Enquirer: 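Can you keep this structure in mind? I'll have questions shortly.
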Amino acid sequence: MNYKKSLGQHFLVDKNIAKKIIKYAQISENDIVWEIGPGSGILTEQILKNCNKLIAFEIDKQWFDFLKDKLSNPRLRLINQDILDVDFTKYTKNEKVKVVANLPYQITSPIIFKLIESRELFSSITIMIQDEVADRIIAKPGCKDYSRLSIKTQFYFEVKKLFKIPSHLFKPKPKVTSAVIQLIPKDEITKIKNEELLWKIIDYTFQHRRKMLRSSLRNYLDKNDYQILMKNTSKSQIDFSRRPEELSIQEFINLTDLISHRKI
Ligand code: SAM
């Protein structure tokens, strides 16, 4: 069997860590679990011991076939597909799903953004990712790690960094340290008048993260909307000479609410 670097194949070799992840995920006998990238199956085996049903999505036919032979079990359904192409609604009914995974590092952000889009399907997401990406996810305004990923994840989820895992516990050994994080969908999210506009403004201003908000927004908005914002500086309580990385989610919401009439 070979390991494909291009698919982020650094397999966990320590069973105790696999057990620790499952313990944090609090999987019980009634749970439906999805695993992304089961690989050689170290997590898969531990999940199966605890859950009701497991669906595991593996892109690599070689490891998909390997697992089919190794773990034949009526409670396990293996799908040979790119997770980014999976239509999640095909695999869910009414019950909420717990996601557990050691994610392929090079597509961590696209996978997390996809999980965020389908957040109503999940009761928890427990994932191993690069430690530095974990720090970006939990970062607060004003930190160098604060980004679109932090804002989007923290807006929809309670986010916890659980523990780190050193690189020698993987084969082949990666260059980076890993960490396990947990995302729990919030019961209630802050009401926003125009959610699509909020994310557009955040995307645009973070693409120019070193620019003052005033200057990014002048470029992004039409003159009328820009003037509404400038006239209402005190109402939005935003100092537009700051950079986007200094703004809390609530401040972005205050700003967007002032021009919520705007068509995208
Ligand atoms: N779960 C195993 C473990 O913990 O040792 C393997 C984790 S390894 C970091 C990532 C796994 O994701 C590999 O098995 C890889 O083939 C799979 N993978 C990579 N890209 C994928 C994709 N787009 N969709 C589904 N699986 C993918």
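Whatever order the structure lists ligands and atoms in, that order sets their numbers, starting from 1. Worth saying up front: this structure is predicted, and the values here are computed from it rather than measured.
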Enquirer: Look at the aromatic rings of H208 and Y204 and report parallel, tilted or perpendicular, splitting at 30° and 60°.
Expert: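 Geometry flag for Y204 against H208: tilted rings.
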
Enquirer: Side chain, backbone, both or neither: which part of P38 has a heavy atom under 4.0 Å from ligand 1?
Expert: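 The part of P38 near ligand 1 is the backbone, not the side chain.
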
Enquirer: May I ask you to identify the nearest protein heavy atom to atom 23 (N) of ligand 1, giving residue, atom name and distance to one decimal place in Å?
Expert: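 Of the protein heavy atoms, D82 OD1, 2.9 Å lies nearest.
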
Enquirer: Ring centres of F163 and Y24 under 6.0 Å apart?
Expert: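 F163 vs Y24: aromatic centres under 6.0 Å.
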
Enquirer: Report the member of E58, K61, E35 with the shortest heavy-atom distance to atom 17 (C) of ligand 1.
Expert: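 Comparing heavy atoms across E58, K61, E35, the nearest one to atom 17 (C) of ligand 1 lies in E58.
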
Enquirer: Nearest heavy atom to atom 25 (C) of ligand 1 wins, so pick from T108, L103, I59, N80.
Expert: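 Of the listed residues, I59 has the closest heavy atom.
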
Enquirer: Where is the nearest protein heavy atom to atom 11 (C) of ligand 1: which residue, which atom, and how far?
Expert: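 In this structure, atom 11 (C) of ligand 1 has G37 O, 3.5 Å as its nearest protein heavy atom.
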
Enquirer: Looking only at protein heavy atoms, identify the closest one to atom 20 (N) of ligand 1 and say how far it is in Å.
Expert: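 In this structure, atom 20 (N) of ligand 1 has P104 CG, 3.6 Å as its nearest protein heavy atom.
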
Enquirer: Side chains of K5 and L7, heavy atoms from C-beta outward: is any pair under 4.5 Å?
Expert: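 A side-chain contact under 4.5 Å is absent here.
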
Enquirer: Does any N or O atom in D60 lie less than 3.5 angstrom from one in ligand 1, N or O only?
Expert: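 Such a contact does not occur with ligand 1.
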
Enquirer: Hey, what's the ring geometry for W34 with F122, parallel, tilted or perpendicular (30° and 60° as the breaks)?
Expert: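 It falls in the perpendicular class, over 60°.
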
Enquirer: Nearest protein heavy-atom contact for atom 19 (C) of ligand 1: which residue, which atom, what distance?
Expert: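 Nearest neighbour among protein heavy atoms for atom 19 (C) of ligand 1, to 0.1 Å: L7 O, 3.2 Å.
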
Enquirer: For ligand 1, which atoms sit closer than 4.0 Å to a heavy atom of G8?
Expert: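 Those atoms are 8 (S), 9 (C), 10 (C).
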
Enquirer: Suppose I only count heavy atoms of Q9 and a 4.0 Å limit; which atoms of ligand 1 are within that range?
Expert: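 By the 4.0 Å cutoff, the relevant atoms are 13 (C), 15 (C), 16 (O).
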
Enquirer: Answer side chain, backbone, both or neither: which part of I107 comes under 4.0 Å from ligand 1, heavy atoms only.
Expert: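 The side chain, only.
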
Enquirer: Under 4.0 Å from any heavy atom of Q81, which atoms of ligand 1 are there?
Expert: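 Result: 24 (N), 25 (C).
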
Enquirer: Report the part of I42 in contact with ligand 1, treating N, CA, C, O as backbone and CB onward as side chain, heavy atoms under 4.0 Å; options are side chain, backbone, both, neither.
Expert: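 Side chain only; the backbone of I42 stays clear of ligand 1.
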
Enquirer: Any heavy atom of L84 closer to ligand 1 than 4.0 angstrom?
Expert: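 No, L84 has no heavy atoms under 4.0 Å from ligand 1.
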
Enquirer: At a non-hydrogen distance cut-off of under 4.0 Å, which region of F57 contacts ligand 1 (side chain, backbone, both, or neither)?
Expert: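 Near ligand 1, F57 shows its backbone, while the atoms from C-beta on stay back.
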
Enquirer: Going by the order shown, which atoms of ligand 1 are within less than 4.0 Å of some heavy atom of L12?
Expert: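 So the atoms of ligand 1 that pass are 3 (C), 4 (O), 5 (O).
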
Enquirer: At under 4.0 Å between heavy atoms, is it the side chain or the backbone of K4 that contacts ligand 1, or both, or neither?
Expert: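 The answer is neither.
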
